[in-house]
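Down below is the structure, laid out as structure tokens.
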Amino acid sequence: MLKKLRRRVKTLVTRSFKKPHKPYKPPQPQPEIQSQNLLPIPSSASIPDIESPNMSPPKPLLRPSKTPFLFPKVQSTVLPDPAAFFSPSLLSTPLPTNSFFQNFVLKNGDQPEYIHPYLIKSASSSLSLSYPSRFSNSAFLYQIFVADLTIFATEKTNPDSQKSHVISSFNDLSVTLDIPSSNLRFFLVRGSPFLTCSVAGGTALSISTIHAILSFSSNSSRTKYTVKLNNNQTWLIYTSSPIDLTNASLSLITSGGFSGILRIAMLPDSDPEYETVLDRFSSCYPVSGDAALTKPFHLEYKWEKKGWGDLLMLAHPLHLRLLSSDDCDVTVLEDFRYKSIDGELVGVVGDSWLLKPDPVSVTWHSIRGVKLESYDEIVSALRKDVEALNPTSITTTSSYFYGKLIARAARLALIAEEVCFVEVIPVIKKFLKDTIEPWLDGTFNGNGFQFDGKWGGIVTKQGAVDSGADFGFGIYNDHHYHLGYFLYGIAVLAKVDPAWGRKYKPQAYSLMADFMNLGKRSSSIYPRLRCFDLYKLHSWAGGLTEFADGRNQESTSEAVNAYYSAALMGLAYGDTHLVATGSMLAALEIQAAQTWWQVREEDKLYEEDFTRENRVVGVLWANKRDSGLWFAPAEWRECRLGIQVLPLLPITEVLFSDIGFAKELVTWTLPALQRDGVGEGWKGFVYALEGLYDKESALQKVRSLNGYDDGNSLTNLLWWIHSRNEEEEEECGGGKYCLFGHYCH
């Protein structure tokens with residue numbers, strides 16, 4: 001659906017390389033804060049809030065403006081109306097546009113969402129849940145929604161209601177869904193093995209199934225019922241007070257009037273030991289869940305719970321890898337497991353979790369450095385690439401492709417610093433000013449950034465009237481991709497020209513906050529972490545488009561670039577707060593990519609036929625894994641590799657820190673390069689990864705290229721290859737690329 005574009009940028013590109021992304025809006029200059037030696041501190045409303053004093057920035061010496069920068073306001077003609085499903089009390093605040101429950105607020109709101117471990121669907125004033133089975137072949141795998149159980153009020157208590165459901169509240173780890181026509185409220189908390197429903201007003205309930213009920217029984221107190229279906233599933237129903245449930249027909253259970261809490265759980269494998277665990281924790285239920293970045297490389301989950309006893313939740317494989325049981329009071333139930341497309345979900349008992357990802361050091365230049373004897377070749381290419389910079393030759397008005405050209409030029413400036421060829425930096429600086437400023441000033445011809453107040457975010461002029469323009473940026477698709485490229489250019493320009501950085505700081509922070517705001521204040525103009533999912537620990541794209549398989553993300557490397565670029569911007573502005581936040585999100589994105597996108601030969605996460613044929617996932621959906629791309633078929637393996645590598649940066653080395661896997665991936669890809677019509681730019685990324693383990697072979701191949709991705713250059717490829725180190729460093733506890741870890745034991 002997202003069509004393949006051709007990018008024509010001078011002679012740098014032979015074929016277009018990318019997928020959907022989104023832009024921002026043009027800001028108006030604000031008065032500079034005057035100071036000889038101090039950069040102005042960003043306003044608290046325009047930077048992401050950190051939820052702990054451990055990460056709070058130094059007290060500002062100058063009083064910043066309390067008003068964040070706003071790009072010109074626009075009334076979009078393509079955005080849906082959020083009032084259809086959000087409670088009126090939520091409409092005055094920015095709303096999520098890439099969330100785990102997005103399908104519930106789009107079109108009819110009746111497409112399912114995966115709220116681990118169940119697929120959940122709301123339609124016709126009822127809620128259905130499915131413990132999904134999986135279909136797989138060598139090309140894709142997905143979870144199958146079947147309405148195993150559907151809960152609804154036998155008679156509507158408010159029959160005049162026109163809405164099938166309303167979102168009354170949401171948090172990082174939960175969403176509360178109300179059925180206005182009855183007295184039902186569902187607490188949908190991610191990772192809960194129970195579906196929890198609050199029933200008020202003495203409401204009579206019905207529970208139907210698409211299957212046949214084979215047996216139906218209760219305990220003596222009528223607070224627990226066991227339902228066995230003809231699909232080999234067993235479901236347990238718990239209530240906070242006695243309820244009279246009746247097996248009314250082959251596929252229907254009914255009750256008399258009831259008020260209280262209803263909890264339903266699937267019993268895996270109908271195992272009595274699992275049932276004992278569910279019985280034990282059935283009386284404590286979560287109603288919401290929040291995630292907090294408490295200090296650098298620490299993420300804390302906290303649930304609001306009711307009832308009595310301890311809280312049982314489920315952790316996916318990356319949770320388990322990062323869970324720090326030494327720093328929080330949790331118990332992992334290794335033998336209590338639910339199946340999931342994301343890997344087995346394991347029981348964890350505890351009201352809060354602490355997750356500690358391996359730290360990532362954000363650097364301007366290469367991690368290992370370039371040897372002096374390699375400078376001349378890089379400088380030779382650098383001269384030519386800088387001489388070719390010409391803003392007037394850019395014909396694209398796409399926020400995505402334009403952003404890539406900006407970031408490409410910014411790479412040249414940093415490479416020039418690293419190889420001590422600083423005389424070209426003034427030329428690069430002028431190019432960056434000439435290309436970035438029109439987007440920030442609102443003077444760019446043909447496009448620009450604007451502010452949408454309906455959902456709360458940046459759109460483009462083109463995207464405000466055409467949902468397909470700028471790869472769907474106007475409906476909030478791929479914001480982190482587009483804006484990440486702009487932030488990279490802004491960060492580098494602010495580094496080499498601090499005066500320019502001061503002038504455009506309000507606009508820069510507004511672009512960043514569109515997808516990296518952490519605030520929950522009612523005064524926020526952007527939603528909290530537009531793209532990043534604090535439960536899955538990676539970003540989503542998709543925007544305000546209904547998809548049967550939920551949100552999706554194609555390029556993990558461009559997501560990493562977004563948070564990496566924000567961290568670099570923090571370095572340029574002396575903002576330790578932003579450095580810490582960007583570094584943390586980049587680290588999580590990397591570890592999620594290594595968990596779910598990178599498919600190793602020995603992996604057991606996915607089915608054998610899919611694992612055998614794929615070394616990398618093309619598009620990862622909430623409920624599906626696809627080998628194809630938005631813009632290319634699965635057979636174009638060079639595109640599948642390249643889209644997980646670009647843009648080529650110092651942090652790419654961390655993303656592909658597993659050299660053995662990089663070799664598997666390149667070996668899997670190389671035969672595809674023999675196909676007619678393979679773009680030279682895509683080849684460059686394959687050779688870049690080859691350089692991780694065979695520097696000389698990769699160098700010869702890079703030298704023979706006659707074209708490059710529009711966000712890449714010969715200079716950048718030579719810099720990458722020449723910064724490879726023949727001897728791999730030994731792994732250390734603080735993270736392989738965080739050297740201070742050597743001194744922390």
Side-chain angles (χ1 to χ4, degrees), residues 100 114-120 129-134 141 143 172-174 188-196 233-236 263-286 289 291 298-303 305 309-358 533-538 588 591-592 594-596 599-600 602-607 611 620 622-623 625:
F100 67 96
Y114 186 41
I115 300 179
H116 300 67
Y118 303 115
L119 278 171
I120 293 178
L129 71 160
S130 171
Y131 183 61
S133 59
R134 252 192 351 250
L141 56 96
Q143 297 183 137
D172 301 322
L173 308 176
S174 63
L188 306 180
V189 183
R190 309 175 76 182
S192 173
F194 300 91
L195 173 76
T196 303
Q233 287 183 347
T234 299
W235 291 81
L236 304 175
R263 307 196 79 196
I264 299 176
M266 214 290 297
L267 179 60
D269 301 321
S270 300
D271 189 328
E273 293 186 7
Y274 280 51
E275 185 170 2
T276 301
V277 174
L278 290 168
D279 288 349
R280 177 183 172 189
F281 296 103
S282 62
S283 299
C284 178
Y285 61 96
H298 285 64
L299 176 65
E300 186 175 7
Y301 288 174
K302 287 187 177 181
W303 290 275
K305 67 174 188 176
D310 295 323
L311 182 64
L312 171 66
M313 301 298 290
L314 299 172
H316 59 57
L318 185 54
H319 284 145
L320 293 173
R321 201 170 306 147
L322 306 183
L323 186 63
S324 177
S325 56
D326 295 336
D327 299 299
C328 57
D329 186 15
V330 298
T331 301
V332 177
L333 307 180
E334 291 287 356
D335 296 326
F336 184 81
R337 295 170 179 256
Y338 280 70
K339 294 178 181 178
S340 167
I341 195 170
D342 296 311
E344 287 193 320
L345 308 175
V346 177
V348 177
V349 180
D351 300 344
S352 64
W353 301 355
L354 181 62
L355 307 177
K356 297 170 68 174
D358 289 337
D533 184 329
L534 287 165
Y535 181 82
K536 274 303 300 295
L537 306 178
H538 63 74
L588 289 170
Q591 288 169 61
Q594 293 168 341
T595 300
W596 288 298
V599 184
R600 290 157 183 81
E602 72 279 4
D603 281 356
K604 304 298 182 185
L605 183 67
Y606 301 134
E607 278 78 354
T611 299
L620 186 143
N623 194 47
R625 303 293 183 265

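Between Ser340 and Tyr114, the side chains place a donor N or O and an acceptor N or O closer than 3.5 Å (distance only, hydrogens not considered). In summary, the side chains of Tyr606 and Arg625 do present a donor paired with an acceptor at a separation below 3.5 Å, with no hydrogens or angles considered.
Within a 6.0 Å radius of CG in Asp329, other residues, nucleotides and ligands contribute 12 heavy atoms or fewer.
The backbone N or O of Phe194 sits nowhere less than 3.5 Å from a side-chain atom of Tyr118 that would complete a donor-acceptor pair. A side-chain donor-acceptor contact under 3.5 Å links Asp271 to the backbone of Glu273. Between the side chain of Arg600 and the main chain of Gln594, a donor-acceptor pair closer than 3.5 Å is present. Looking only at distances, no side-chain donor or acceptor of Ser192 sits under 3.5 Å from a matching main-chain atom of Leu188. The backbone N or O of Met266 sits less than 3.5 Å from a side-chain atom of Tyr338, completing a donor-acceptor pair. Side chain of Gln143 to main chain of Ile341: a donor-acceptor pair is present (N/O by atom type, distance under 3.5 Å, no hydrogens or angles). In this structure, Asp172 contributes its side chain and Ala291 its backbone to a donor-acceptor pair below 3.5 Å. Counting only distance, with no hydrogens or angles, the side chain of Arg263 and the backbone of Ser282 share a donor-acceptor pair below 3.5 Å.
Between Lys302 and Glu300 there is a side-chain heavy-atom pair separated by less than 4.5 Å. Considering only heavy atoms from C-beta on, Tyr301 comes within 4.5 Å of Leu299 through its side chain. At least one side-chain heavy atom of His538 sits less than 4.5 Å from a side-chain heavy atom of Leu620. A heavy-atom distance below 4.5 Å is found between the side chains of Leu537 and His319. Counting heavy atoms from C-beta on, the side chains of Leu323 and Leu355 come closer than 4.5 Å. With contacts defined as side-chain heavy-atom distances shorter than 4.5 Å, the pair Asp310/Thr331 does not qualify.
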Checklist entry - Does the pair Leu318 and Asp342 meet the rule for a side-chain contact (heavy atoms from CB on, under 4.5 Å), with working shown? => result CA-CA 9 Å; Leu318 185 54; Asp342 296 311; over 6 Å; no
Next on the checklist: Between Leu173 and Phe100, does the side-chain contact (heavy atoms from CB on, under 4.5 Å) criterion hold? Intermediate values first, please.
Outcome noted: CA-CA 9 Å; Leu173 308 176; Phe100 67 96; over 6 Å; no
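In this structure, Gly343 and Pro317 approach most closely via the heavy-atom pair CA-CG, 3.8 Å. Here the closest non-hydrogen pair linking Gly289 and Ser174 is N-OG, 3.1 Å. Between Val189 and Pro286 the shortest heavy-atom distance is CG2-O, 3.5 Å.
Each of Lys339, Arg337, His116, Met313 was checked for a side chain to side chain contact (heavy atoms under 4.5 Å, CB included) with Leu345, and the lone residue meeting it is His116.
By the 30° and 60° cut-offs, the orientation of the rings of His316 relative to Trp596 is perpendicular.
Under a 4.0 Å N-O distance rule, the pair Asp533/Arg190 qualifies as a salt bridge.
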